[in-house]
Amino acid sequence: MAPALSVTTDPELDWHGESVTIAEVLGALNRSRRQFAQVEAGDEEHPHPRNCVMTLVTVVPDANEEKRAIKTVTDISRHHPCLAIVVRDQPQIRAGRIDSTVSAHPMQGPLDTPASCELVTLHVHGAAGSHLAALVDPLLVSGVPTYLWWPSTPPFGTGELTDALRICDALVVDSARFDRPYHSFLGLAELAERSHRKLGLADLQWERLLPWREAAAQFFAPSERRGLIQSISEIGIDYSGEGRGNRIAAALMVSWFSTALGWKLEHAAGGGGGVVAALFKADGWRPVQVAFRSMQRGQLAQGEISALRIMGTAGGKSFSLSVQRDPQRMRPPRAGEFQRLHPTGGEDEAAMEIAQRRAARHREVVSQNLESLHHTSTGEAPGESMPQQPTVMVRERRRADTSDVMLTMIDLGDGDTLRHVQRVPPLDESTMLLNVLSAGARDLVYTRSLAAAAELMQKL
Amino acid sequence: MSTATQQNPLAEGLHDYRVADPSIMVIFGATGDLSSKKLLPALYNLAKQRLLPPGFAVVGAAIDDLSDEAFRKRASDAITEHSRTQPIDSTVLQAFLQASFYVKVDFSKLEDFKGLQRKLDELDRARHTAGNRVYYCATPPPTYETIIEQLKAASLTAGDGYHRIVVEKPFGSDAKSALELNRILQRVFHEDSIFRIDHYLGKETVQNIMAFRFANSIFEPVWNANLIDSVQITAAEEIGVELRGGYYDKAGALRDIVQNHALQLLALLAMEPPVSFDANAVRDEKVKVLRAVRPIEDGEVAHATVRGQYAKGWVLGEKVVGYREEKNVAPGSLTETFAALRLFVDNWRWAGVPFYIRVGKRMPKRATEIRIQFKRPPHLTFGREAAQALEPNAITLRIQPEEGISLKFGAKVPSAGVKLRSVTMDFEYATSFLVETPEAYERLLLDCMIGDPTLFIRADVVEASWKLIDPIEAAWRDGRPQLQMYDSGTWGPAAAAKLLEADGREWHRP
């Protein structure tokens, strides 16, 4: 009988070596595979086959990121038996050498079927790290896709990244974690434009937008509402944080609308207080106004979207979709003047109204000066309104106590406002990475939205 | 073309996202077992996956006198106990319960259905559901006709929006009753709005049969009588009749499993490639192949079929009683708990290939699988002695448990000489995807709300399958062949083995 196997997230190392060659690492990996097959099969006639659905190569800059990456790939391997290679690139250490560890440990699936998770770490000192393909290519599993996950900021526009992309089918990044988000995001868009057609490109930031995109698509799903798409006149997005680096998610969201619905960007400008106004033309003539505004939400990471509003008028009736993240965490309603002035009803509307009034003032100013607005008029770079929290993206994005609820409110101009509460899907790194890998890290909707978002960002 | 008739451009790229229009699902028999154990938990899990549209509502309809709150309490308890995902997400559950309502309906009273209509109209206005209705009959089949007639009489099948009805198997007990049921359903609903649910077809692995056959180019060229020797379909359960004795004693294995599950597997395995995954394209091919199955004629039934009933024995290390000692089973019952058949598909692709079907209760283990056995090579290049341990090639599609696919082929045993042995190449879904597969009811309820009947059974498919079963049932009623007893925990009566031995074959042990 095969020995009982259980999930382990802290595998014992099968092998570790210092100042080793890649040939030695490969030898250790092969020995580890043979051992797994024999142990797993036990006394049965045939060793059980080793399942492997991909090679996941992760490049990290330091020990903390390495620890984090190992945890994530271990989580991933519970769902996708794989070979995970974590490369810690340390070019600053001049003496070139490679230290490595190899482990292969069984993971238990839902049907008690064991699968092997192979983990190779490479600590690369010196210049060898700039030649990732040469390091990793001999270790890759034949016949399964290779994904390159770069959890920090890839060196866009360098030969190092070009070399690394030679051996992979898709690159996975998180544009919410870029060190210089604005410039790196443009680098990402340029890479998408220049890279060969077969290279997949996935962005965990895009995955975070999934519930928002679903909510919007769901609103227009009924056939009798499909025509409302052609009557959208305004889109509003609230985001957390300030500064242009924090507007990437909002820009991607709007660009998703514009590319899906064929809107053309006419003007865009950023103003004080994190406000952005943009004007799109739909069907060549119909104006669609877009506004972003910065709303501090303690429970959300910088850059995350906290609300989406879509408004329009069709057949003499106005319609609106409002989607809010964690609405119960919004500022408590203030009784009195604002509510009296704006009696929209709903327990969370007062705070919305305050914000809307403030944003409307900004938007009005921005719109009036759309043509002439120049960054010198504010004394700041467009949209760079001295962020109160200069750290654009924190590493741990979410507060642990967040409730992850989304409230959708639908108003179709007749009858009551329909309220719908949904749970936001898990947005931890492992789950999002798993989702993009399951889909093959190829999403043409993303790449076209990325290009349009870069265009929008550059105009701000 | 107007935008309203076009695809939703915002849905592009949302991979697993299937959007239903807002609707109201009315569950007749909402206080019963099916509703508690399957339907309400499945709807809750759809809500959890954000697959229920804003405005969706459930209306329970049954004879019990309950308030909305009392129904919500029952629903909450049922979901908490039976949901496949645990722990229960209280936010999702509360939101779901707020969209759940109850109306007392005595199926014999038109006034109750009119009350139901008033409630649905009210919900339509409040929830923007546009008159879309799904009527789910979670009730015994004899109630279907009354419910359908009352729905019509109360004008619940007219007006704006779509009106769909879902009925559970069995769809009749023979060809005549199936035809009658279809007539009753079609008198009020269009065939496209009738969803005959067999949860078996909602299982991922059953759907994967089509993916295996039609998403790969290497299998179809060998999928015919030129290379395939025979096909075995096994649906074995280790359990007995449990609490279903009353129903099962009237139905038996042939009606309970062969007429639907087993013949559906046969159809998926043997059908021609549909031109698309469109509902009617798939079901057209299924009905064509079922019509090509040669009915077993009266004089052949005794030779081409085996029927058995389990006696006491040992299963999974436990002593179990015989069928006739089960609760609600007649002491002298002649109902079969095991059935084995030999069928032929009379078309170009399958001419002369026997399809052996074996279903049974109280077998050694639960296993549903299809084994496609290939012919031996025309010439033994390595000689008879070297190939002694070599079995013919075989592909096994395992439906449950341990869903997967195995390919058996010959390989040389490492040694100085030449000796061949069969080895197996295994693929297991669990180790390649390791993701939780959705419950069949979740998939099917969503399909119904979306209006996709691909995985539901069309009227002509039901009729075609009963036409194959009826002659067998008739001969069995006459005692041809005789009912064979088999010990619980075995693979059925000896006659089942003889059925294949007579053809020079043997059953594969799952």
Side-chain angles (χ1 to χ4, degrees), chain A residues 46 48-49 51 53 77-81 107 109-115 210-211 213-230 256-257 260-262 403-406 408-410 412 414-416 418-425 434-435 438-439 443-446, chain B residues 2-23 47-56 89 91-92 94-96 98-99 124-130 132 160-161 401-404 421 423-437:
Chain A
H46 308 295
H48 284 183
N51 287 282
V53 297
S77 62
R78 283 188 196 149
H79 300 267
H80 294 270
M107 308 298 293
L111 293 173
D112 296 335
T113 316
L210 183 66
R213 292 188 288 136
E214 284 179 354
Q218 205 166 42
F219 176 73
F220 294 104
S223 52
E224 68 273 12
R225 285 189 215 157
R226 199 73 48 78
L228 299 182
I229 287 176
Q230 291 177 326
W256 171 66
F257 278 109
L261 305 179
S403 65
D404 285 333
V405 166
M406 211 168 223
T408 300
M409 290 190 287
I410 292 173
L412 294 173
D414 52 2
D416 300 335
L418 179 65
R419 297 164 56 86
H420 184 65
V421 175
Q422 288 179 303
R423 172 68 73 197
V424 177
L434 181 61
N435 289 345
S438 301
D443 187 346
L444 293 177
V445 177
Y446 170 65
Chain B
S2 73
T3 310
T5 57
Q6 291 170 349
Q7 294 283 318
N8 180 358
L10 297 176
E12 186 187 355
L14 297 174
H15 299 290
D16 290 331
Y17 192 64
R18 304 176 74 224
V19 185
D21 283 5
S23 63
K48 197 174 172 189
Q49 296 163 73
R50 308 181 313 285
L51 292 170
L52 293 183
F56 173 83
D89 184 324
T91 303
V92 175
Q94 285 311 313
F96 176 73
Q98 287 310 307
D124 264 341
R125 285 190 294 276
R127 305 187 70 81
H128 301 294
T129 40
N132 296 327
D160 292 340
E402 293 171 10
E403 297 88 339
R421 199 187 71 186
V423 292
T424 302
M425 193 188 290
D426 255 328
F427 158 72
E428 294 187 16
Y429 283 103
T431 53
S432 287
F433 299 111
L434 286 179
V435 289
E436 214 171 345
T437 50

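Every chain is numbered from 1 and lettered A, B, ... according to where its sequence line falls, protein lines coming before strand lines. Only this structure's heavy atoms are used, side chains among them; waters, hydrogens and symmetry mates stay out.
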**Study point:** Residues which pass side-chain hydrogen bond (donor to acceptor under 3.5 Å, both in side chains) with B:Asp124, listed by chain and number, not counting sequence neighbours
**Key:** B:Thr129, B:Arg133
**Study point:** Selection from B:Ala99, B:Ala95, B:Gly55 maximising heavy-atom pairs under 4.5 Å formed with chain A
**Key:** B:Gly55
Check your understanding: Between B:Leu10 and A:Ala260, which heavy-atom pair has the shortest distance, and what is it?
Key -> CD2-CB, 3.9 Å
Exercise for review: For chain B, find which of A:Tyr446, A:Phe219, A:Trp256, A:Phe257 contributes the most heavy-atom pairs closer than 4.5 angstrom.
Suggested key: A:Trp256
Exercise for review: Tell me, please, which residues at least two apart from B:Asp21 pass side-chain hydrogen bond (donor to acceptor under 3.5 Å, both in side chains).
Suggested key: none
Review point. Roughly how far, to the nearest 0.5 Å, is CG of A:Asp443 from CD of B:Glu12?
Key: 8.5 Å
Revision key, fill the gap. Here the gap from B:Arg50 atom CZ to A:Leu210 atom CG, rounded to the nearest 0.5 Å, amounts to 6.0 Å
Revision key, fill the gap. Rounding to 0.5 Å, atoms CG (B:Asn132) and CD (A:Glu224) come to a distance of 6.5 Å
Check your understanding: Less than 4.5 Å apart, any side-chain heavy atom of A:Arg226 and any of B:Asn8?
Key -> yes
Exercise for review: State which residue, out of A:Arg225, A:Gln218, A:His420, fulfils the side chain to side chain contact (heavy atoms under 4.5 Å, CB included) condition with B:Pro22.
Suggested key: A:Arg225
Point to revise | Best-contacting candidate, A:Asp416, A:Leu412, A:Thr408, A:Ile410, against chain B by heavy atom pairs under 4.5 angstrom | key: A:Leu412
Review point. Roughly how far, to the nearest 0.5 Å, is the CG atom of A:Leu418 from the NE2 atom of B:His128?
Key: 5.5 Å
